[in-house]
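A note on names: the letters A, B, ... follow the listed sequences, proteins ahead of strands, and every chain is numbered from 1.
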Amino acid sequence: MAEILPLRDAVARLVHDGDTVALEGFTHLIPHAAGQEIIRQRRKDLTLVRMTPDIVYDQLIGAGCARKLVFSWGGNPGVGSLHRFRDAVQNSWPVPLEIEEHSHAGMANRYVAGASGLPFAVLRGYTGTDLPKHTDTIKQITCPFTGEQLAAVPALNPDVSVIHAQRADRAGNVQIWGLVGVQKEAVLAAKRSLVTVEEVVDELEPVPGQLILPSWAVTAVAEAPHGAHPSYAQGYYDRDNEYYEYWDSIGRNRDSFEQWLNEKVFGMEAAK
Amino acid sequence: MAEILPLRDAVARLVHDGDTVALEGFTHLIPHAAGQEIIRQRRKDLTLVRMTPDIVYDQLIGAGCARKLVFSWGGNPGVGSLHRFRDAVQNSWPVPLEIEEHSHAGMANRYVAGASGLPFAVLRGYTGTDLPKHTDTIKQITCPFTGEQLAAVPALNPDVSVIHAQRADRAGNVQIWGLVGVQKEAVLAAKRSLVTVEEVVDELEPVPGQLILPSWAVTAVAEAPHGAHPSYAQGYYDRDNEYYEYWDSIGRNRDSFEQWLNEKVFGMEAAK
Amino acid sequence: MTATTEERTYTSDEMMSIAAARALSGGQRCFVGIGLPSTAANLARRTHAPDLVLVYESGTLGSKPGRLPASIGDGILAETADAVISVPEVFNYWLQPGRIDIGFLGAAQLDRFGNINTTVIGDDYAHPKVRLPGAGGAPEIAASCREVYVVVRQSKRSFVEKVDFITSFGHGRGHGEREKLGLRGAGPTLVITDLGVFRPDETGELVLTQLHEGVEVEQVREATGWDLKVSPELSRTPAPTETELQTLRELKAAK
Amino acid sequence: MTATTEERTYTSDEMMSIAAARALSGGQRCFVGIGLPSTAANLARRTHAPDLVLVYESGTLGSKPGRLPASIGDGILAETADAVISVPEVFNYWLQPGRIDIGFLGAAQLDRFGNINTTVIGDDYAHPKVRLPGAGGAPEIAASCREVYVVVRQSKRSFVEKVDFITSFGHGRGHGEREKLGLRGAGPTLVITDLGVFRPDETGELVLTQLHEGVEVEQVREATGWDLKVSPELSRTPAPTETELQTLRELKAAK
């Protein structure tokens with residue numbers, strides 16, 4: 001059964017130095033508050049996994065929390081580049097960043113395999129591309145019935161997956177609606193999981209398109225109102241598109257980034 | 001885009017002698033009306049595919065429509081045996097019935113592979129059982145990353161899949177809720193698909209837990225009110241548990257079955 | 001404590017269901033087949049284990065039916081579930097990775113090493129004496145749940161030396177075969193019949209560990225198709241309590 | 001018919017979006033990337049192809065947004081969709097089996113044979129000159145859609161002889177390489193830039209088939225990093241209509 005904890009305690013208990021950590025949320029419901037709490041607790045040597053390492057991972061990478069990034073698309077969506085990610089890859093700043101690069105289809109299937117308790121997944125993918133030359137977690141497999149060649153990718157089983165959801169009840173059952181991305185798979189694939197929510201409520205009223213994660217499939221739930229900002233939480237608040245533009249100006253330079261980090265992350269320590 | 005047709009025309013157009021046909025619906029929403037229309041049109045040599053060939057296939061098998069059955073559980077749920085199925089397997093009556101036998105997990109994954117455009121699926125299944133000795137569509141596969149041995153099963157891609165749903169709109173978009181079984185996978189895996197519905201409506205009002213099949217993923221929709229009886233359609237009518245008991249008395253003997261067939265299926269021809 | 005058959009106010013089937021229900025404890029995730037397993041699991045949820053999590057292969061997580069479901073896909077299972085999911089998801093995301101504590105199975109034949117047959121009676125698969133329904137979800141339930149409990153009415157026909165067909169693998173021919181095959185769950189750790197309770201010994205062979213009220217060892221031997229081992233710590237199943245019996249009967253009466 | 005640059009009342013980006021929108025026709029299922037492809041697809045849906053089916057990789061089938069989505073996961077895409085599905089389902093059930101007619105992609109680099117690079121600029125993957133966002137959904141969109149349309153601003157930097165990294169396979173080095181690799185879709189059959197329109201010839205090499213209003217062949221050659229072939233049936237793109245321009249500008253203005 002999921003334990004309901006303050007965010008600070010949940011991160012302290014679930015996320016350790018050296019862990020493989022997946023923060024998921026496909027544009028919608030990105031767990032920004034949890035990401036910043038991980039920075040605030042100065043985690044190191046993380047292997048960060050995420051299909052779209054947008055602002056949330058630009059922050060973690062710029063803060064030096066990550067040793068490695070497993071991903072499929074690393075941009076600031078609708079704006080352009082992730083400057084901290086580029087600085088880490090191109091200049092090893094603030095620390096070198098190893099990368100393991102896939103396509104979305106590959107990453108999604110790696111989570112599916114992880115959630116399914118299988119060691120690998122099969123897909124029609126990567127054919128003719130240069131990705132298999134640089135990513136050793138892409139192999140070929142032969143269909144035992146037709147002889148056809150397909151791609152195989154290994155399961156992702158993060159030490160901890162973190163997602164954001166709209167609501168949980170007091171028993172720790174989680175309710176998500178709108179775009180649900182790979183959140184269910186990320187949670188089910190992980191050894192431990194943390195779900196931050198907009199609010200904890202007495203009763204989860206059914207919502208069309210909802211996805212429910214039963215309490216017994218989640219390790220911890222933490223209330224984090226507005227915890228997806230600048231991403232959005234359908235039914236709660238809209239995407240802050242201007243913040244994505246603003247982030248471009250912050251992330252572009254090491255100085256402005258470090259100032260942001262001190263003011264907006266470490267400076268908020270007492271408040272949590 | 002799905003065409004909205006009378007059931008008789010839809011079956012005539014979509015289901016041909018010798019086809020591989022899947023009627024799906026896991027206890028809920030079993031397409032009985034469509035099954036009886038297939039009998040009425042005296043289709044022959046069908047390969048029938050279905051996880052749980054309950055009454056609907058007992059009827060098709062007893063009527064001599066099937067040459068082969070691909071399945072994972074062939075009983076009258078909550079009652080006992082399928083007597084027509086047993087008579088066909090044990091005594092080749094009215095025609096011999098070849099069987100290809102899997103587990104639910106295997107069948108579900110075969111549909112998933114079919115829906116995914118993959119030639120096979122991988123699962124942890126069948127280990128230590130006698131099923132692989134008798135079913136040549138179960139093979140082993142080695143994980144290219146861990147060396148682990150797993151089971152592989154080939155995709156199911158029926159010529160036509162038939163399901164029953166609560167509603168469609170006039171554009172042919174289909175709405176299903178309650179237990180959804182493998183219906184989506186069965187439709188997406190098939191070359192052609194027929195969805196019978198309780199009613200065609202102007203607008204599909206959202207229902208919690210709904211699954212939508214867009215019109216462009218379906219070949220034909222046919223209105224068939226009460227078309228799942230004696231199975232049920234959540235929101236429309238309950239399961240007729242007594243009919244399942246009653247079927248035991250009908251199906252038990254060839255005579256009573258043939259009488260039922262003449263009265264309740266062929267005798268209804270004019271009415272359709 | 002021993003009651004004679006005459007004095008009993010309950011049937012042996014009731015004793016079996018109650019003994020099976022008692023084996024479940026609160027908070028466990030239980031994968032439930034229809035029939036005897038479903039009766040036992042719902043009884044447990046109505047008595048001592050209200051937070052038992054029932055998972056049905058039709059696609060329901062955490063069903064809380066107010067009556068016995070008439071089938072595995074009874075609408076009441078979906079209406080009272082925490083989550084309704086597709087059948088592929090049940091098997092792939094919830095059963096296969098080992099998220100379920102107890103797989104609760106029935107059997108047509110069960111053998112000395114807990115292997116289960118629900119496929120065919122007779123030696124020739126192509127020409128069976130009796131064609132049974134087949135595998136359903138059982139092979140993977142038996143493989144992937146942490147433990148498997150089997151509930152079955154016991155007779156020389158159902159309790160056989162070696163099943164005619166292994167539909168669901170128990171302990172094979174014993175001596176660590178499960179581990180050799182890489183199966184992750186512990187397999188059948190408990191068999192509950194209308195006569196008593198059996199547990200595998202260290203070789204995987206089923207041993208009588210408990211007798212229901214009013215049953216003697218000799219009766220069990222006569223209903224067992226192999227040379228039965230009896231545990232030195234053989235105990236007695238406590239008779240059903242009033243609450244257990246009443247709850248069971250109410251469950252079965254509700255439609 | 002030829003207008004000079006001075007007379008134009010529209011930008012070359014607008015011409016590109018409008019030309020791309022015109023390539024789509026009603027009822028097609030279109031897998032849409034954010035940016036130029038999304039603009040073009042939404043414009044088509046608002047003008048001549050109202051029943052165009054838009055599929056976004058964030059998990060929406062049949063989105064009908066009333067404004068341009070700000071990102072691939074803009075809430076408006078879910079709110080106006082026929083169905084919202086998980087990301088694995090998008091790729092496995094809808095893209096991979098070939099259910100999508102047109103995959104609409106952008107590119108940082110595009111080469112003579114329609115191969116696309118959105119990964120790294122420079123020869124050394126480990127030490128790139130410029131690290132680009134990477135693959136996203138593109139490799140499998142390029143592989144599995146029946147056809148691929150590419151929309152890209154053209155320059156010697158973007159239109160190169162050979163991409164530094166093949167993120168999404170086009171026609172390889174041509175001459176039937178797609179078929180040899182077992183790829184099912186036809187690959188890039190249309191490339192639309194701010195200068196004109198290109199189609200692959202029978203070898204898979206991109207050939208200029210259409211010039212936008214006010215553009216001359218020499219300009220296109222100068223913005224192409226290889227020895228450009230020009231189709232003998234070179235035609236002119238009709239200038240944007242008032243309706244097209246107005247709809248495009250309204251779409252872009254709406255927030």
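Of the atoms belonging to B:Gln210, not a single heavy atom falls under 4.5 Å from chain A. Only the backbone of A:Leu123 comes within contact range of chain B, with at least one heavy atom under 4.5 Å from a heavy atom of that chain. The parts of B:Leu118 that come within reach of chain A are both its backbone and its side chain, each placing non-hydrogen atoms under 4.5 angstrom from that chain.
Scanning all heavy atoms of the two residues, the minimum distance from A:Thr142 to B:Ile141 falls at O-CD1, 4.0 Å. A:Leu150 approaches B:Phe120 most closely through the heavy-atom pair CD1-CE2, 3.6 Å.
Note: A:Pro119 leads A:Pro119, A:Ala152, A:Ala113, A:Ser116 in heavy-atom pairs under 4.5 Å with chain B. Among A:Pro154, A:Gly117, A:Gly209, the residue making the largest number of heavy-atom pairs under 4.5 Å with chain B is A:Pro154. The greatest number of non-hydrogen atom pairs below 4.5 Å with chain B, out of A:Val207, A:Val153, A:Thr146, is found for A:Val153. Counting heavy-atom pairs closer than 4.5 Å to chain B, the top residue among A:Ala155, A:Pro144, A:Pro208 is A:Pro144.
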